[in-house]
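Both backbone and side-chain heavy atoms feed into the values below; hydrogens, waters and symmetry mates do not. Within every chain, numbering begins at 1; the chains are lettered A, B, ... in the order of the sequence lines, protein sequences first and strands thereafter.
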Amino acid sequence: MSLACRSDAGTRVDDAAVSIAELTRNAVHVLPHGGLEEKLRLGRPLRVKLGIDVTAPDVTLGNGIPLQRMAAFQREGHLGVLIVGDYTSRIGDPSGRSRERPMIDPAEIDRNAQRYFEHACTIIDADRTEVRFNSEWLSELGFAEILRLTRATTVAQLLEREDFAKRFASNAPISVSELLYPLMQAYDSVAVRADVELGGTDQLFNLLTGREVMAAYGLEPQVALTVVYLDSWDGTGMSASRGNYIGLQEPPDEQFGKTMRIPDGLLEQWYRLVMERDGVPEGEAMEAKLALARFVVARAHGEDAARRAEEHFTRVVREGRAPENVPEAELSSADPVHLPALLAEQFGVSTSEARRLITQGAVKLDGEPILDFDVPRSRLEGALVQAGKRRFVRIVTA
RNA sequence: GCAGGGGUUCCCGAGUGGCCAAAGGGGGCGGGCUGUAAACCCGCUGGCUCAGCCUUCAGAGGUUCGAAUCCUCUCCCCUGCACCA
């Protein structure tokens, strides 16, 4: 595996006025107390670990929150270590109900890891990041070694994890392999000699188990640093599996539009977590949200893209006009043209749905609603076809 | 292994022989209002050149004029009990 970005270069560590506050910004737990200060006093680049999920289709803005912490460490000269749980995901979660779920094949994991890394690099510093696959060490473990690992903790301790505790209390099943999960993750910390491990608040238990296990292996335990979760426009945590996410590398217009969709009540949280600003500027919520959207796009795609995305948003969404660059499509030779088929092809909907859109008056030809399924070719040539507010296509003659 | 409870359309969840492409809610889409916010209102939400036809209620058979609903077998999930290292 050749992930391009490994470098131990630049070991500048300012031990003095390093801002702990900056490193622990938006942190919920930093354990143990004083642990981070102690690590920093070592005067060498710290190894800051973060486990990443390569089964998900995209890297989200929510994933970006811990990545931003990693970036903060990197700015101080420390090293980020991204752990790809390829081995862990190969084991799979046996409690899942989808029996069919095929093991993700290694090639796909590689692709996803590469993509994750590229996306993450909009936030973190590629030159100070190491990407490791945990199969590298986990696949080497023999049974005796695994038993040694399990001796680092006890069932009672593992059962303290909240979801385990709940399930245990309610007699819901807990598989042994699930119980082993935290241990595998902990072993990763041993393998990469982590000084700090980052994670969402739900990871606290796993991060602390990492400390236990490291100690059992005679290593200085890592510092556990958890950060707040980012809520999405539906008020629940942003997650790739729920589909309520903004991808770090989504097209600018998408990122902009989705950001504008968040409820005003989330502005304060997003300013704090995403922009790392302490307060929302005075004035219209709308203005604050526009600034936020610009920030999100600019970080991923640059200032120019952010400006264009805002222009696009203003033009298409606020003013209801057609965008500047409308994709073009050619007509097949039929006459009259069957509109549902055209819409289905151009906008990726079923013809049944296309029919519904037409029936509901959502489809417009040059701004005029059209209610017919079949339209004369002549009427379409050169016309701007619109479905709803956001889907446009220009018909061109070949 | 034994006993019981389950598997319904994107999700939750009703439905126990015809009125079922399947209640209700969520989500999504379209529209109104607007700031692609919130709140509220209306419509749509399996597929198909669509007043009709086709494919869905874990899977395979069967009963019936007719099955998501009844029977048989299979698969899977859950709960309890047992067994074993």
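When heavy atoms are screened at a 4.0 angstrom cut-off, A:Ala362 is found touching the sugar-phosphate backbone but no base atom. Using a 4.0 Å heavy-atom cutoff across all strands shown, A:Gly388 reaches sugar-phosphate atoms only and no base atom. Within the 4.0 angstrom heavy-atom criterion, only backbone atoms of the sugar-phosphate kind lie near A:Pro263; the bases stay farther away. Across all strands shown, A:Lys389 has heavy atoms under 4.0 Å from base atoms, whether or not it also approaches the sugar-phosphate.
Here B:C44 sits opposite B:G28 as a Watson-Crick or G-U wobble pair (both hydrogen-bonding atom distances under 3.5 Å). When both pairing distances are held under 3.5 Å, B:A38 makes no Watson-Crick or G-U pair with any nucleotide shown. Judged by Watson-Crick or G-U wobble contacts below 3.5 Å, the nucleotide B:A22 has no partner. The partner of B:A68 is absent, by the rule that a Watson-Crick or G-U pair needs both atom distances under 3.5 Å. Summarising the base pairing, B:A58 is matched to B:U74 through a Watson-Crick or G-U wobble pair whose two defining distances lie under 3.5 Å. Pair check for B:C81 finds B:G1; Watson-Crick or G-U wobble, both atom distances under 3.5 Å.
A:Arg391 is linked by a salt bridge (Lys or Arg N to Asp or Glu O under 4.0 Å) to nothing, counting only residues two or more places apart in sequence or in another chain. Every residue was checked against the salt bridge (Lys or Arg N to Asp or Glu O under 4.0 Å) condition with A:Glu38, not counting sequence neighbours, and none meets it. For A:Glu250, the salt bridge (Lys or Arg N to Asp or Glu O under 4.0 Å) partners two or more places apart in sequence, or in a different chain, are A:Lys258. The side chain to side chain donor-acceptor pair (under 3.5 Å) test applied to A:Arg307 returns A:Asp304, not counting sequence neighbours.
What separates CZ of A:Arg356 from P of B:G28 is a distance of 17 Å, to the nearest Å. Going from atom CH2 of A:Trp233 over to atom P of B:G27 covers 14 Å, rounded to whole Å. Rounded to an integer number of Å, the gap from CG of A:Leu343 to P of B:U49 is 12 Å. Regarding A:Asn244, its CG atom lies at a distance of 17 Å from the P atom of B:C11, rounded to whole Å. Following rounding to the nearest Å, A:Lys364 (NZ) and B:G31 (C1') show an atom-to-atom distance of 10 Å. Note: CD1 (A:Ile246) to C1' (B:U36) measures 12 Å, nearest angstrom. To the nearest angstrom, P of B:A37 lies 13 Å from CG of A:Leu267. Taking atom CD of A:Glu345 as the reference point, atom C1' of B:U49 lies 15 Å away to the nearest angstrom.
With both ends at atom P, the span from B:C42 to B:G24 equals 14 Å, rounded to whole Å. Comparing the P positions of B:U72 and B:C77 gives a spacing of 22 Å, expressed to the nearest Å. Taking atom C1' in both B:A82 and B:U74, one finds a spacing of 25 Å when rounded to whole Å. Atom P of B:G4 sits at a distance of 33 Å from the matching atom of B:C10, rounded to the whole Å.
Through ILVMFWY side-chain contacts below 4.5 Å, A:Val349 is grouped with nothing and stands alone. Summarising the hydrophobic clusters (Ile, Leu, Val, Met, Phe, Trp, Tyr; side-chain heavy atoms under 4.5 Å, direct or chained), the residues clustered with A:Leu147 are A:Phe143.
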Return the polar atom pairs (N/O with N/O) between nucleotides 50-54 of chain B and the protein under 3.5 Å, or none.
unit_1: B:C50; atom_1: N3; unit_2: A:Arg355; atom_2: NE; d: 3.2
unit_1: B:C50; atom_1: N4; unit_2: A:Thr351; atom_2: OG1; d: 3.4
unit_1: B:C50; atom_1: N4; unit_2: A:Ser352; atom_2: OG; d: 3.1
unit_1: B:C50; atom_1: N4; unit_2: A:Arg355; atom_2: NE; d: 3.4

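Listed by residue number, the members of residues 285-318 of chain A with any heavy atom below 4.0 angstrom from RNA chain B are A:Ala285, A:Met286, A:Lys289, A:Phe313, A:Val317, A:Arg318.
The base of B:G35 sits within donor-acceptor range of the side chain of A:Asp264, with an N or O pair under 3.5 Å. The base of B:G31 is not paired with the side chain of A:Gln360 by any donor and acceptor separated by under 3.5 Å.
Applying the side-chain hydrogen bond (donor to acceptor under 3.5 Å, both in side chains) test to every pair with at least one member in residues 206-228 of chain A, sequence neighbours left out, gives these pairs: A:His29-A:Thr226, A:Glu145-A:Tyr217, A:Arg161-A:Asn206, A:Gln185-A:Asn206, A:Ser189-A:Gln222, A:Glu197-A:Gln222, A:Gln203-A:Asn206.
Listed pair A:Arg261 / B:G28 meets the phosphate criterion, a side-chain N or O lying under 4.0 Å from OP1 or OP2.
Nearer to the 5' terminus of RNA chain B, by closest-nucleotide assignment, is the contact made by A:Gly257 (compared with the other of A:Gly257 and A:Pro336). If you find the closest nucleotide of RNA chain B to A:Val349 and to A:Asp253, the one lying nearer the 5' end belongs to A:Asp253.
Evaluated for a side chain to side chain contact (heavy atoms under 4.5 Å, CB included) with A:Asn244, the options A:Asp231, A:Asp234, A:Thr60 yield exactly one hit, A:Asp234.
Side-chain atoms of A:Glu276 and A:Gln68 include a donor-acceptor pair closer than 3.5 Å.
With hydrogens and angles ignored, the 3.5 Å screen pairs a side-chain donor or acceptor of A:Arg315 with a backbone N or O of A:Ala322.
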- Task: Given side-chain contact (heavy atoms from CB on, under 4.5 Å), test A:Leu61 with A:Trp270 step by step and report yes or no.
- Result: CA-CA 10 Å; A:Leu61 202 60; A:Trp270 281 50; 3.3 Å; yes
